[in-house]
Each structure stands twice: as structure tokens, then as C-alpha cells.
Amino acid sequence: MQEPSAQTVLVVDDEANILEALQKVLTKEGFEVLTAGNGRQALEILRKQPIRVMITDLRMPGMTGDDLLKAVKAITPEVEVIVMTAYGTVENAVEAMKLGAYDFVSKPLKRAAVVSAVRKALDKQQLVAENRELKAQLAAATTRSIVGNSQVMRATLEMAQQVANSSATVLLLGESGTGKELLARYIHEQSPRVDKPFVATNCAALPESILESELFGHEKGSFTGAVRARAGRFQEASGGTLFLDEIGEIPLQVQVKLLRALQEGEVEPVGGRTTPVDFRLVCATNRDLSEEVKAGRFREDLYYRINVVPVHVPPLRDRLEDVPLLVDHFLRMYTARHGKGVEGVGDEAVELMTRYGWPGNVRELENAVERAVVLSRGPVIQVDDLPPELRDPQAGHGRQLTFSVGTPLEEVERRMIMETLKFTRGDKRLAADLLGIATRTIYRKLEAGLIRDESYTPHREKSDKPDPKGIIH
């Protein structure tokens with residue numbers, strides 16, 4: 001097969017006439033064009049050869065455009081994705097852009113709009129390529145590491161060091177944003193497997209329709225679009241460490257295969273025979289898996305199999321004495337990355353940050369420091385450079401709700417979810433983490449109209465497609 005050019009575009013749609021029309025238009029513009037009739041075929045092409053830009057319909061049978069977008073961003077995040085949406089409505093396209101799409105074009109497609117969107121996406125790719133070497137140098141100079149000298153953090157690292165030399169499965173427990181993946185890498189780097197691969201997989205980022213194939217691999221012809229055999233994440237981690245983040249999101253049918261892999265040391269690719277694998281498993285979750293077991297959403301036997309050595313990663317509010325160290329670490333990282341001449345943080349700003357509750361943990365602190373570095377007008381970050389929620393005296397502590405005795409639990413739950421969404425400014429994942437519930441629970445209640453959120457756009461069913469005549473004008 002000929003190596004694709006630097007301007008290879010992949011077009012994905014379940015309608016052959018749209019694929020043919022777009023291929024003709026883009027080929028005339030000098031692009032190398034590949035086509036796929038569904039999401040699975042698109043993923044197979046992406047795994048086999050480099051793609052710079054993908055254009056995909058949002059409404060397709062089987063794997064939807066949204067599912068394909070999530071999978072692409074999880075597997076090959078460097079690919080720029082342009083989505084197609086019908087009838088001039090943009091609600092679904094806007095949601096897709098929140099998931100990582102670069103741009104959208106409306107149907108009926110206009111030649112100029114499609115070509116312009118592709119060229120802009122490629123321009124962005126070129127800028128990324130031109131700066132790749134510089135970014136690599138900056139990354140080497142500002143390597144992410146576990147920062148903290150508090151007693152609770154030292155105890156966590158000591159536990160991690162103790163388990164690193166064994167092959168026991170480790171379960172990292174902690175809220176979102178506490179640095180569970182960093183700790184998993186630390187365990188790998190302290191282990192005898194350090195010279196072998198560390199393969200990290202976010203189970204929540206992969207759609208359920210491809211999760212099994214991504215984890216365990218598949219054989220050629222095992223499903224529509226499986227044009228070649230592919231090894232899964234377990235085989236990629238052979239001899240090394242496999243990190244499964246958000247393991248509580250794995251559906252029950254996949255949990256069965258995961259249990260077998262742990263018990264027997266072998267995996268069964270989709271449509272294939274069992275294959276021996278040598279791996280060390282580290283898992284992470286922000287859920288209470290014992291409660292998930294009681295609710296029937298997580299297998300009890302798998303829970304005990306992965307809960308061999310539980311390690312609790314403390315929230316930032318329990319180690320606020322580490323905040324100045326973290327601020328200094330992120331300050332050096334982002335002044336180098338953004339080329340800013342920021343030299344330090346004012347005492348009042350540091351004091352404010354050490355009093356804040358940090359519901360988003362270290363990730364929120366990192367974002368706050370980067371924002372301050374970017375917006376700072378002087379060599380020292382001051383209080384006015386910090387996010388508004390830090391300057392609010394009540395920030396980090398949330399609002400207090402009161403309920404009369406006898407208030408129905410349904411109403412208590414409804415108000416708690418709505419107020420938490422306000423507190424997190426519409427961040428549903430963070431709200432779910434703070435409430436200790438699944439993110440899908442919030443979406444389900446939004447869809448049913450039981451709670452309201454101004455930033456949420458309800459899912460709309462796809463209407464019949466228009467007459468394909470005159471597809472591109």
C-alpha cells in the first residue's frame with residue numbers, strides 16, 4: 001500500500017453518494033482521500049496509516065459520529081475531526097465540538113465550505129508540526145512528577161513503593177483530578193517492569209461498542225469493518241503495566257472477560273482464540289466499588305480480584321500544605337511552555353490558594369496556575385490574576401442547602417444535583433464526582449426533564465435524510 005501523503009483526509013458516511021461526491025471534490029483540490037462507510041471501518045483505517053483530517057457524519061447506524069469522535073480522540077488525538085450535520089441545525093455539532101471536533105459543516109454540503117474547513121484543519125496541523133520539537137524540549141524540561149511533602153502524601157508514596165516490587169494488582173482510589181495516573185506511572189517506574197511498556201487506558205473515554213475490541217483485540221472479519229487482526233491493550237502491555245482508569249465504567253459483559261484475563265493470564269480477542277499475556281494491572285476509580293457491587297453494576301468476584309492492594313490517593317483539601325509546592329511546580333512548567341516572564345506568586349495569592357477547598361483537586365489547581373500565568377501582566381501573580389471562584393470568600397466550600405423534615409428524597413436529590421451543577425458551572429463529570437454518583441445518572445435526569453441545566457442541549461433523534469440530489473453545491 002502506498003504511504004499516504006501529509007494531506008490525507010478520511011471521509012466517513014453511511015451514504016455512498018456522499019462519500020463519492022466528497023472524494024471527487026477533495027481529490028480535485030489535491031488531497032489524498034480515503035473513505036469509510038461506518039465508524040468501525042474508519043477506526044481500522046486510522047490504526048493502519050496516518051490520517052491528518054477526518055470528516056464524519058454525526059448520524060450513522062451502529063457506531064454514531066459522536067461515538068466515533070470519542071474513539072478517535074482516545075486512540076489518535078492528533079487527528080482533526082470535522083463533523084457534518086443536516087438541515088442547518090448546529091446543536092449536535094456544537095456538542096461534538098465540546099467532545100473535541102475541530103469544526104462542522106452543514107448539509108446540504110457546499111464545496112467551498114468543505115474545502116475551507118479541511119484547509120484550516122490542515123493549517124492547524126502544520127502549526128502543530130512546526131512547534132513539535134520545541135514542545136518536546138519544553139516537556140523534557142518540565143517533566144510531570146508527583147509533588148508533595150505532606151504526611152498523607154508521603155504515606156501514599158511509601159505504600160506505592162512497597163507494592164511496586166510485587167506483581168500484585170493495585171486499585172487506586174480517589175476523587176477525580178487527584179493524580180491517580182501519575183501514581184500508576186510511579187508504581188511502574190519503581191517496578192522491575194520499568195523497561196517494558198506502560199499502557200494507560202481511560203475506560204470511560206472509549207464507547208461501549210468498541211471497548212471490548214480495544215482491550216482484548218480482535219481477529220480479521222470478527223465484525224463489520226474488521227479488515228485486519230489487531231492486538232488489544234493487554235497485549236500492547238506485554239511484560240509491562242496496564243493501567244485501567246475509571247474501571248467502574250466497564251460494562252458487565254466486558255467485566256467477565258477482564259476477570260478471566262486476571263485469573264487465567266490470558267485474553268480472548270473478539271472472534272479469536274485465547275492468547276497468554278504477561279501484564280501487571282493497576283486500576284483506578286473515583287467510585288465506591290463496594291456500593292457498585294451492591295447495586296449490581298460491578299461483579300463481586302472482579303472487585304475482590306482487583307482490590308488486592310488498595311491505595312488511597314488523598315484529595316488536595318487533605319494536603320493543603322502541599323499547595324505552595326504544587327503552585328511553584330506548575331508555575332515553572334507553564335512559564336516555560338507559554339514563554340512568559342512570570343517569576344513568582346504574591347504572598348496574598350498563595351495564602352488564598354492554601355485556603356481554597358479545591359473540589360477539582362490538583363487538576364483544578366494546575367488549570368488555575370496556567371490561567372494566572374497566561375493572564376498575568378507583571379512578573380508576579382497577584383490575587384486579581386486568579387480565577388473568580390478563588391477570590392470569592394465562600395469559594396471551595398459550596399453553598400449550604402436546608403431541607404424541611406419530610407421533604408421527599410426525590411426532591412432532595414433533584415435540588416442537590418442542580419445546586420452542584422451550578423457550583424461546578426455545568427461540569428457534569430465534576431458534579432457527579434462531588435456527589436458520588438455516575439455521570440450518566442445526571443444525563444439521564446436531564447434527558448427526562450427531572451433537573452435543569454442551561455448549558456445542556458437535549459439529545460434529538462435523527463430525522464429522515466433529505467433527497468441526496470445536489471449533495472454539494
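Nothing here was measured: the structure is a model prediction, and the numbers come from that model.
Classification of R59 and D57 as a salt-bridged pair fails, no side-chain N sitting under 4.0 Å from a carboxylate O. Using a 4.0 Å cut-off between a side-chain N of Lys or Arg and a carboxylate O of Asp or Glu, R273 and E219 do not qualify as a salt bridge. Ion pairing between a basic and an acidic side chain is recognised when a charged N comes within 4.0 Å of a carboxylate O; D278 and R193 show such pairing. By the 4.0 Å N-to-carboxylate-O rule, E29 lies close enough to R119 to be salt-bridged with it. With respect to the salt-bridge test (charged N to carboxylate O, under 4.0 angstrom), the residues E44 and R230 do not qualify. One finds no salt bridge joining D103 and K124 here, because no Lys/Arg side-chain nitrogen approaches an Asp/Glu carboxylate oxygen to under 4.0 Å. Between E411 and R414, at least one side-chain nitrogen of the basic residue sits less than 4.0 Å from a carboxylate oxygen of the acidic one, meeting the salt-bridge criterion.
With values rounded to the nearest 0.5 angstrom, E249 atom CD is found 10.0 Å from R297 atom CZ. Summarising the geometry, atom CG belonging to L262 is positioned 6.5 Å from atom CG belonging to L259; distances are rounded to the nearest 0.5 Å.
Atom NZ of K196 has 12 or fewer neighbouring heavy atoms from other residues, nucleotides or ligands inside a 6.0 Å radius. Environment of CD in Q253: crowded, with over 12 heavy atoms of neighbouring residues, nucleotides or ligands closer than 6.0 Å. Counting heavy atoms of neighbouring residues, nucleotides and ligands inside a 6.0 Å radius, atom CD of E264 exceeds 12 of them. For NZ of K120, the number of neighbouring non-hydrogen atoms (other residues, nucleotides, ligands) closer than 6.0 Å is 12 at most.
Judged as a salt bridge (Lys or Arg N to Asp or Glu O under 4.0 Å), and not counting sequence neighbours, E20 has no contacts. For E268, the side-chain contact (heavy atoms from CB on, under 4.5 Å) test picks out K257, T274, with sequence neighbours left out. Scored by the side-chain hydrogen bond (donor to acceptor under 3.5 Å, both in side chains) test, K445 finds E413 as partners (sequence neighbours excluded).
Note on ring orientation: taking the six-membered ring where Trp is involved, the planes of Y334 and F330 are tilted (angle from 30° to 60°). Below 30°, between 30° and 60°, or above 60°: for F216 and F234 the angle between ring planes is below 30°, a parallel geometry. Ring geometry, F198 versus F243: the interplanar angle falls under 30°, so the pair is classed parallel (tilted spans 30 to 60°).
For the side chain to side chain contact (heavy atoms under 4.5 Å, CB included) with V11, the qualifying choice from V33, I18, V53 is V33, the only one to do so.
Between the side chains of S176 and R363, at least one donor-acceptor pair of N or O atoms lies under 3.5 Å. E175 and N361 are linked by a side-chain donor-acceptor pair at a separation below 3.5 angstrom, with hydrogens and angles left out of the test. Using modelled atom types, one finds no donor on one side chain facing an acceptor on the other under 3.5 Å when comparing H218 with E212.
A distance-only check finds no donor-acceptor pair linking the side chain of S116 to the backbone of A112 [under 3.5 Å]. The main-chain N or O of Y102 is never found under 3.5 Å from a side-chain atom of E80 such that the two would form a donor-acceptor pair. Side chain of R52 to backbone of Q7: no donor-acceptor contact under 3.5 angstrom is found. When atom types are taken as modelled, the side chain of S213 and the backbone of I210 share no donor-acceptor pair closer than 3.5 angstrom. A donor-acceptor pair under 3.5 Å is absent between the side-chain atoms of T76 and the main chain of V79, judged by distance alone.
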(request) Could you give me the CA-CA distance, side-chain angles and deciding distance for V12 and M60, then say whether side-chain contact (heavy atoms from CB on, under 4.5 Å) is met? (result) CA-CA 9 Å; V12 189; M60 296 184 292; 3.9 Å; yes
(message) Could you go through E246 and T285, starting from their C-alpha distance and side-chain angles, then the distance that decides it, and tell me whether this counts as side-chain contact (heavy atoms from CB on, under 4.5 Å)?
(response) CA-CA 5 Å; E246 299 196 53; T285 182; over 6 Å; no
(request) Apply side-chain contact (heavy atoms from CB on, under 4.5 Å) to the pair I75 and L43, showing each step before the final yes or no. (result) CA-CA 9 Å; I75 299 169; L43 290 179; 4.2 Å; yes
(request) Apply side-chain contact (heavy atoms from CB on, under 4.5 Å) to K73 and V81, showing your working. (result) CA-CA 9 Å; K73 288 302 174 182; V81 181; 4.3 Å; yes
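Residues L172 and V282 form a side-chain contact, since some pair of their non-hydrogen atoms from C-beta on lies under 4.5 Å apart.
When every heavy atom of D385 is checked against every heavy atom of L375, the shortest pair comes out as OD1-O, 4.1 Å.
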